[in-house]
Amino acid sequence: MKHKNDLEKFNNLIESFSNLPTIGKKTAIRLAYYICINNQLEGMKLAHNIENALRFIKPCQQCGSLSENELCGICTDEERNKDTLCIVETPKDILIIEESKSYQGLYFVLDGLDNEKILKLEEMILKQNSKELIFALPHSINSDATIFFIEDKFKKLNLKFSKIAQGIPSGVNLENVDTISLNKAIQYRTKIEI
Ligand SMILES: [Zn+2]
């Protein structure tokens, strides 16, 4: 006789946890047990926060960073240095650079390069009157091609181009770089000659 599984919902929760990055089956069981048995209030809060985050977080209309409004907190922060625009691959990279506290300028999320992105980038450069584009992309042939393409596209705008340098090994994403290396990489960025 087939044993009836009366823990279907609990097992679904375990499965959802174990589908998340960095969470293995054992941790998934511990988390599910914790929020269903040990701390149901925390479980309710978690459910509420996930639902709210999913509902309200969207890309900033100007830079593509994560935001709960049309424009993100960085774009609307008057204290930020408007002269520099740091080009990153994903919104996650912004969170990481912000965590390192090594950069005070604005950002632009590339997230794939197409005509619409180029137009958005140009719009932002002109609107903010940017003086320098800093490329904080992972080292790869693809990134080199992207940098070359963007420089070529905007050479008439009289911008300075640089890219973060030291401490970023090739093929490594920003999220796997420690804060000190990232700090140095931004501080000692190198000018790109064209
Ligand atoms: Zn923004």
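As the structure lists them, so they are numbered: ligands from 1, and atoms in each ligand from 1.
Side chain to side chain, Tyr107 and Glu98 meet the donor-acceptor criterion of an N or O pair below 3.5 Å. With no hydrogens or angles considered, no side-chain donor-acceptor pair links Gln62 and Glu123 at under 3.5 Å.
Here the closest heavy-atom approach between residue Phe161 and residue Phe135 is recorded as CD2-CE1, 3.9 Å.
By the 4.5 Å side-chain criterion applied to Ile, Leu, Val, Met, Phe, Trp and Tyr, Leu41 is assigned to no cluster and stands alone.
Between Lys160 and Glu151 there is no salt bridge, since none of the side-chain N atoms of the basic residue sits less than 4.0 Å from a carboxylate O of the acidic one.
Heavy-atom contacts from other residues, nucleotides or ligands closer than 6.0 Å to NZ of Lys92 number 12 or fewer.
The set of protein atoms (N, O or S) found at less than 2.8 Å from the Zn ion (ligand 1) reads Cys60 SG, Cys63 SG, Cys72 SG, Cys75 SG, by chain and number.
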